[in-house]
**Q** 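If you scroll down you'll find the structure; I have some questions about it.
Lettering of chains follows the sequences in order, A, B, ..., and the numbering in each one begins at 1.
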2 protein chains.
Amino acid sequence: MSMDDVFKALADESRRTLLDRLHARNGQTLGDLCEGLAMSRQAVTKHLAILEAANLVATRRQGREKLHFLNPVPINDIAERWIGKFERDRLAALSDLKRQLESDDHE
Amino acid sequence: MSMDDVFKALADESRRTLLDRLHARNGQTLGDLCEGLAMSRQAVTKHLAILEAANLVATRRQGREKLHFLNPVPINDIAERWIGKFERDRLAALSDLKRQLESDDHE
DNA sequence: CCAATATGCAACTATATGGTTGCCTGTCAA
DNA sequence: TTGACAGGCAACCATATAGTTGCATATTGG
């Protein structure tokens, strides 16, 4: 669960997709997370193990199923490392504004 | 400057150290950034090129020197991807509190 | 019990990546 | 001009890593 594990875990597109899926719906099983992906179940298992070791994903066993949950804390730590407190607020405001403008475009 | 480039760039400890150095003092030259590091100048050059391609570092030529500047925007985008607006505020508050407690410890 | 379901483990392969060495180019100052 | 300084480019090597296949284990429902 070192910092290096977090960055290595995030370096792969497949793993980021898995985090996206958990962000959209938390608490999915391995089978759920495999659905529609162009790789074997074993590949997904390995990716989830890496995400879990990095503390980006927490798990809970329920019978023969294993539920997966996204943990946003290490992600926040990344931002804290290189973005100062005030700069953070400024960038957050900019992001909000950008989202606002984009959603207006689509109306 | 795709999202993948950013994560790949951050996946290496040496590159994160370079970002730390720029965060501590912005606008350093290649020579500055090499100092005290246990690798060749050419290795640092390659790392900086990767950081620049990922838009994490911006550069400006000045005579025979090249100055390097940290760009925090892609870092912020990472946090935005998996942390909701309200969750972001909550995590930021927690981080501030944690920092506060830690600084108290050291007094 | 037993077959189907859900997940775990291990060996193997191809490619990506970090680091090196050697040499080239450009800029400054005496 | 010319030597020294700052940086750039290319080929090469060792290791890390994403993906695969094949087999094993564990839980549930009939």
**Q** Find which nucleotide of DNA chain D each of A/Q62 and A/I50 is nearest to by heavy atoms, and output the residue with the more 5' nucleotide.
**A**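 The residue mapped nearer the 5' terminus is A/I50.
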
**Q** I need the CZ-P distance between A/R15 and D/dG19, as an integer number of Å.
**A**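 It works out to 8 Å between those atoms.
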
**Q** Any salt bridge between B/E52 and B/K66, counting N to O under 4.0 Å?
**A**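 Yes, this pair counts.
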
**Q** Please confirm whether the shortest side-chain N or O distance from A/S40 to OP1 or OP2 of D/dG19 is below 4.0 Å.
**A**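 Answer is no, no contact under 4.0 Å.
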
**Q** Distance check needed: D/dG7 P versus B/E52 CD, whole Å only.
**A**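 About 13 Å, once rounded to whole Å.
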
**Q** Quick one: is B/T45 getting a side-chain N or O under 4.0 Å of the D/dC9 phosphate, OP1 or OP2?
**A**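 No, no such contact exists.
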
**Q** Charged N to carboxylate O under 4.0 angstrom, A/K8 versus A/D5?
**A**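 Looking at A/K8 and A/D5, the cut-off is not met.
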
**Q** Rounded to the nearest angstrom, tell me the gap between atom CG in B/L51 and atom C1' in C/dG18.
**A**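 Distance, rounded to whole Å: 13 Å.
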
**Q** For A/L48, answer base if it contacts any base atom (sugar-phosphate contacts may also be present), sugar-phosphate if it contacts only those atoms, and nothing otherwise; contact means non-hydrogen atoms under 4.0 Å.
**A**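 The answer is nothing, as A/L48 stays clear of every strand by at least 4.0 Å.
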
**Q** Can you identify which nucleotide, out of C/dG19, C/dT7, C/dT20, has its nearest atom closest to the A/L30 side chain?
**A**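 Closest of the options to the side chain of A/L30: C/dT7.
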
**Q** For A/K8, which contact category applies under a 4.0 Å heavy-atom criterion: base, sugar-phosphate, or nothing?
**A**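 If one applies the 4.0 Å heavy-atom cut-off, A/K8 turns out to touch the sugar-phosphate alone, with no base involved.
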
**Q** With respect to the side chain of A/H47, which nucleotide from D/dA18, D/dA4, C/dT20 is positioned closest?
**A**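 Looking only at side-chain atoms, A/H47 lies closest to D/dA18.
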
**Q** Would you kindly give the NZ-to-C1' distance between A/K66 and D/dT28, to the nearest whole Å?
**A**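 Rounded to the whole Å, the gap is 19 Å.
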
**Q** Nearest to the side chain of B/R41, heavy atoms from C-beta on, is which of C/dT20, D/dG7, C/dA11?
**A**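 The nucleotide sitting nearest to the side chain is D/dG7.
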
**Q** Considering only D/dT28, D/dT20, C/dT7, which nucleotide approaches the side chain of A/E65 most closely?
**A**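 Nearest to the side-chain atoms of A/E65, counting from C-beta on, is C/dT7.
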
**Q** Mark yes or no for a side-chain to base donor-acceptor pair under 3.5 Å between A/R64 and C/dT7, with no hydrogen or angle criteria applied.
**A**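 For A/R64, whose side chain was compared with the base of C/dT7, there is no donor-acceptor pair (under 3.5 Å).
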
**Q** Taking B/D32 first and then B/R21, would you say they form a salt bridge - that is, a charged N and a carboxylate O separated by under 4.0 Å?
**A**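 Looking at B/D32 and B/R21, the cut-off is not met.
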
**Q** Please confirm whether the shortest side-chain N or O distance from A/S14 to OP1 or OP2 of D/dG19 is below 4.0 Å.
**A**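 For D/dG19, OP1 or OP2 has a side-chain N or O of A/S14 closer than 4.0 Å.
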
**Q** In whole angstrom, what separates B/D12's CG from D/dT17's P?
**A**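 Distance check: B/D12 CG to D/dT17 P gives 11 Å.
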
**Q** Tell me the interatomic distance from B/L10, atom CG, to C/dG18, atom P, rounded to whole angstroms.
**A**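 Whole-Å distance recorded here is 12 Å.
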
**Q** Hey, which of these two, A/K46 or B/R61, hits DNA chain D nearer its 5' end, going by closest nucleotide?
**A**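 Its nearest nucleotide lies further toward 5', so the answer is B/R61.
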
**Q** If I take atom CG in residue A/L67 and atom P in nucleotide C/dA6, what distance separates them, rounded to the nearest angstrom?
**A**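 It works out to 13 Å between those atoms.
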
**Q** Please report the distance, rounded to the nearest Å, between CG in A/D4 and P in C/dG18.
**A**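 Distance, rounded to whole Å: 12 Å.
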
**Q** Inspect the contact between A/D12 and A/K46 and indicate whether a charged nitrogen and a carboxylate oxygen are less than 4.0 angstrom apart.
**A**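 Salt bridge between A/K46 and A/D12, a charged N being under 4.0 Å from a carboxylate O: no.
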
**Q** Give the minimum heavy-atom separation between B/A54 and B/A9, together with the two atoms involved.
**A**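 Looking at all heavy atoms of both residues, the shortest contact is CB-CB, 3.9 Å.
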
